[in-house]
Amino acid sequence: MNLFKDFQAKIDATLKAMADAGELPEGLDLTRVTVEPPRDPSHGDFSTNAAMVLAKPAGLKPRDLAEQLVVRLAEEAGVTELTVAGPGFVNWRVDDELWRRQLAAILTAGERYGDSDVGRGRKVNVEYVSANPTGPLTVGHARGAVVGDALAGLLDKAGFDVTREYYINDAGAQVDTLARTAHLRYREALGETIGEIPAGMYPGEYMKEVGEALAARDGDRWLGKDESEWLEPVRTFAIDALMRRVRDDLEAIGIQQSVFASERALVDAGAVQAVYDSLESRGLLYTGVLEPPKGKKPEDWEPRPQVLFKATEFGDDVDRPLRKSDGSWTYFANDMAYHLDKYRRGFATQIDVWGADHGGYVKRMQAAVQALSEGEARLHIVLCQLVKLTRAGVEEDVKARRGTFVTLSEVTEEVGKDVLRFIMLTRKPDAPLDFDLEKVMEQSKDNPVFYVQYAHARAHSVLRHAAEAFPDLAQAPAALAEGPLHRLTDSQELGLIKLLAGWPRLVDSAAEAYEPHRVAFYLNDVAAAFHGLWTKGKDDTSLRFLVADDAELTAARLALIRAVALVIASGLRIFGVEPLEEMR
RNA sequence: GUCCCCGUAGCUCAGCAGGAUAGAGCAACGGAUUCCUAAUCCGUAGGUCGGGGGUUCGAAUCCCUCCGGGGACGCCA
């Protein structure tokens with residue numbers, strides 16, 4: 001189904017046959033041999049660099065090796081126009097008939113087209129959002145949420161066994177502060193005048209609801225009591241309330257993670273102590289004093305001996321503390337326990353999606369995972385740059401007044417989940433993203449969401465018209481696949497098939513690079529090719545999809561249109577975006 | 001001071017783990033609508049890929065260095 005892979009396998013086999021025949025040395029390293037479409041389509045449909053890569057180890061001239069390869073490949077069925085070009089590329093095309101069969105295969109596979117087995121069922125854990133349960137999600141969280149979810153969808157399509165996970169930071173000092181804020185709001189709900197929310201607490205209005213709900217559940221039970229009595233139950237209550245809200249916000253943009261891992265539960269279970277013991281027994285801990293940071297004013301800096309992890313042995317820049325000076329665990333220690341836990345749950349491949357402000361944390365976490373898994377696990381971190389929220393070019397006031405934010409749910413309500421999701425995926429995570437509330441709603445081609453959606457809707461519009469004009473023509477993909485595809489002969493039609501044929505290849509490469517945004521750009525290309533073909537029918541009526549007096553040709557073209565819609569839908573599915581069938 | 005990310009057309013960005021003559025959209029200019037959705041399409045113009053070295057058959061891509069922009073830098077999470 002993936003022609004590029006098929007040819008890759010054929011090239012490999014051919015090279016091995018050449019080795020057997022003594023034309024090449026035994027045991028050549030073929031890993032750098034690739035089969036890809038040449039950048040310039042006039043060179044051919046396929047191209048391999050085999051001759052150039054192998055020339056040196058084989059002790060041959062690239063072009064000579066290429067010529068030998070050509071002789072062998074010429075025997076392959078359907079291969080035409082074999083040429084040697086440039087420094088030693090071997091280019092070829094395949095029969096139009098082979099492309100048409102590819103179209104049939106796409107239709108037969110339906111939305112499963114592009115599914116791949118590069119993941120070989122390996123378990124992957126994608127952890128994203130993981131916002132502290134101390135407030136509603138903001139637009140700042142949205143990007144990581146969408147990127148993480150789309151990445152999970154992409155890996156799933158590429159054949160990985162994906163778990164979508166959220167890490168709840170419910171153990172630090174901030175959740176005690178949350179509890180105190182909730183208690184204050186609770187007293188307020190019971191009629192006390194509380195005045196300004198003290199600095200350092202969470203001033204947001206959203207805490208009022210939490211206080212009210214607590215009052216409704218527990219009445220005056222926690223009034224006038226010592227903090228030691230209510231802190232824990234109120235904390236639990238508040239965290240639950242906020243996490244419920246987080247889940248609601250996430251669900252509103254189509255995200256449902258299956259695992260919500262609790263930091264507190266890990267700490268309580270002694271997982272951090274276990275990390276400590278394990279590292280200590282392996283001689284990876286020592287007590288030392290860190291150098292003061294260079295950039296910051298070291299005014300309140302005093303050297304303190306701390307328990308340090310030898311992170312530098314695993315590629316980090318400095319060793320990292322596990323205990324605070326009061327003896328409690330650092331956040332890093334807890335995080336180590338969490339990542340070890342993921343490894344123990346069978347995730348040798350872990351992906352964390354973080355905001356760019358955590359960039360300084362990457363090396364130490366990777367060092368930790370390497371140390372804890374004794375080199376068995378790999379942690380990949382996707383850093384998402386910030387989102388600049390604007391409206392018609394003017395920057396939105398992100399914090400209009402103290403304690404208020406532009407929340408994710410506000411934005412979701414305004415632009416809808418599909419627009420939000422797609423736009424967040426139109427830039428690579430490393431690059432900052434402008435999100436203009438007005439522009440993303442524009443219905444024009446400089447808005448990629450509408451451009452792609454419109455292509456899908458347009459395809460379905462044609463299918464609807466076809467159903468009226470040709471009521472006897474079966475439109476199910478499987479039926480169209482059986483149709484007279486030999487009637488597709490126009491170079492632009494075949495070009496579109498070739499583009500669709502690249503979908504599995506794109507899925508694989510995007511998944512391997514952990515870059516879901518590539519899907520967005522690909523879908524844009526497919527949409528452009530389709531729109532182009534559509535408009536060509538305006539100038540040249542013989543190219544119109546519906547040909548009144550030729551049901552056969554119409555059937556063939558509908559097959560192509562159906563395939564376009566399928567591929568777009570399958571791409572949008574990865575993104576969690578609904579493909580629209582009508583956009584009037 | 002150290003580390004990470006970024007630097008590609010006037011603007012916003014792609015560039016598929018090194019490939020052949022560097023691409024798209026916007027903006028500019030010129031065209032296409034009796035007809036499947038013009039929410040679209042076709043064409044023209046626009047670039048020392050930040051600078052300089054290096055690696056090799058071949059570099060926007062990898063390495064070094066410099067310049068510029070952003071971010072992070074003990075016990076916060």
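These numbers come from a predicted model, not from an experiment. Chain A is the first sequence line, chain B the second, and so forth, proteins listed ahead of strands; every chain is numbered from 1.
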> Under 6.0 Å between the ring centres of Y128(A) and Y166(A)?
Replying inline: no
> What does G19(B) pair with, Watson-Crick or G-U, if both distances are under 3.5 Å?
Replying inline: C57(B)
> When we call it a touch if two heavy atoms are under 4.0 Å apart, what does D40(A) touch: a base, just sugar-phosphate, or nothing?
Replying inline: base
> Among C16(B), C41(B), A20(B), which is the nearest nucleotide to the side chain of S509(A)?
Replying inline: C16(B)
> In the structure shown, which nucleotide is the Watson-Crick or G-U wobble counterpart of G43(B), with both distances under 3.5 Å?
Replying inline: C29(B)
> OP1 or OP2 of A38(B) sitting under 4.0 Å from any side-chain N/O of R458(A)?
Replying inline: yes
>> Does a side-chain N or O of R39(A) approach OP1 or OP2 of A20(B) to a distance below 4.0 Å, or not?
In response: yes
> OP1 or OP2 of G74(B) sitting under 4.0 Å from any side-chain N/O of Y331(A)?
Replying inline: no
>> Quick one, H517(A) with R427(A), criterion side chain to side chain donor-acceptor pair (under 3.5 Å). Give me CA distance, side-chain angles, the key distance, then yes/no.
In response: CA-CA 6 Å; H517(A) 74 277; R427(A) 209 114 295 174; over 6 Å; no
> Which nucleotide, C75(B), A20(B), C5(B), lies nearest any side-chain atom of P38(A)?
Replying inline: A20(B)
> Counting only non-hydrogen atoms, which of residues 44-60 of chain A are less than 4.0 Å from RNA chain B?
Replying inline: S47(A), N49(A), M52(A), V53(A), K56(A)
>> As a test of reading the structure: which of C3(B), C36(B), C5(B) is closest to the side chain of S461(A), going by heavy atoms?
In response: C36(B)
>> Check for me: is H43(A) stacked on A20(B) by the 5.5 Å centroid and 30° plane-angle rule?
In response: yes
>> Using only modelled atom types and a 3.5 angstrom limit, is any donor from either the side chain of R304(A) or the base of C75(B) paired with an acceptor on the other?
In response: yes
> Which part of the nucleic acid, if any, lies within contact of A356(A), taking any heavy atom under 4.0 Å across all strands shown: a base, the sugar-phosphate backbone alone, or nothing?
Replying inline: sugar-phosphate
> Can you tell me the Watson-Crick or wobble partner of A72(B), both distances under 3.5 angstrom?
Replying inline: U2(B)
> Counting any heavy atom closer than 4.0 Å, what does F545(A) reach on the DNA or RNA strands: base, sugar-phosphate only, or nothing?
Replying inline: base
>> Cation-pi check for F309(A) against R364(A): NZ or CZ below 6.0 Å from the six-membered ring centre and within 45 degrees of the axis, yes or no?
In response: no
>> Within the 4.0 Å heavy-atom criterion, would you say R427(A) contacts the bases, only the backbone, or no part of the nucleic acid?
In response: sugar-phosphate
>> On the nucleotide G74(B), are OP1 or OP2 found under 4.0 Å from the side-chain N or O atoms that K324(A) carries?
In response: no
>> Rounded to whole Å, how long is the line connecting atom CD of Q385(A) with atom P of G71(B)?
In response: 10 Å
> Do E442(A) and N447(A) have a side chain donor and acceptor closer than 3.5 Å?
Replying inline: no
> Counting side-chain heavy atoms from CB outward, which of U40(B), U12(B), G19(B) is closest to H531(A)?
Replying inline: U40(B)
>> Using a 3.5 Å distance criterion without hydrogens, assess whether the side chain of S328(A) forms a donor-acceptor pair with backbone atoms of K324(A).
In response: no
>> Syn or anti for A28(B), given that syn means the glycosidic angle lies within 90° of 0?
In response: anti
> C1' atom, A9(B) versus A22(B): distance in rounded Å?
Replying inline: 11 Å
> Can F89(A) be said to stack with the base of G19(B), given centres closer than 5.5 angstrom and planes under 30 degrees apart?
Replying inline: no
